[in-house]
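These notes are about the structure you will find just below.
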Amino acid sequence: MSSLLAELYQEFGWKSRVYGSLGGRWLLSRIRREENSLADGWTYEPPTFYERNAAVTDNSAAQLCQCTQPAEMLVGASSP
């Protein structure tokens, strides 16, 4: 692994050493920040909530919504 790193440094010069060092430190700080956030309970998902339909909250006699199957249409049939 170190021989590969040496080849990269030889190929791309001193800039690869500087950018690799700075970029590595920046990336490490971001990873540690992420680990601390996750350890504190932060998540990517929003909290779950449920909503009721405001139109039927006071009417217990209202029927529940029901799914229906669409009527089959014949291909090539003429409309009335």
Side-chain angles (χ1 to χ4, degrees):
M1 191 63 138
S2 59
S3 62
L4 176 62
L5 185 60
E7 286 181 38
L8 288 172
Y9 287 160
Q10 183 180 4
E11 182 70 26
F12 297 107
W14 63 271
K15 290 182 184 180
S16 64
R17 291 178 185 260
V18 172
Y19 291 133
S21 177
L22 295 175
R25 290 180 185 178
W26 178 82
L27 186 60
L28 181 62
S29 71
R30 295 292 149 192
I31 290 172
R32 288 186 177 159
R33 180 185 290 184
E34 179 74 13
E35 287 176 345
N36 290 336
S37 296
L38 294 173
D40 291 340
W42 185 84
T43 63
Y44 287 101
E45 298 177 13
T48 303
F49 65 94
Y50 299 95
E51 294 180 338
R52 288 187 58 139
N53 187 343
V56 294
T57 56
D58 59 349
N59 186 358
S60 60
Q63 294 181 355
L64 295 175
C65 295
Q66 297 179 0
C67 294
T68 60
Q69 294 294 329
E72 290 186 30
M73 298 185 71
L74 298 175
V75 177
S78 61
S79 300

Y9 atom OH: more than 12 heavy-atom contacts under 6.0 Å: yes
CH2 (W14) with more than 12 external heavy atoms under 6.0 Å: no
Distance-minimising heavy-atom pair for S29 and W26: OG-O, 2.7 Å
Within 6.0 Å of CZ in R33, more than 12 heavy atoms from elsewhere: no
Distance (rounded to the nearest 0.5 Å) between Q10 CD and L5 CG: 12.0 Å
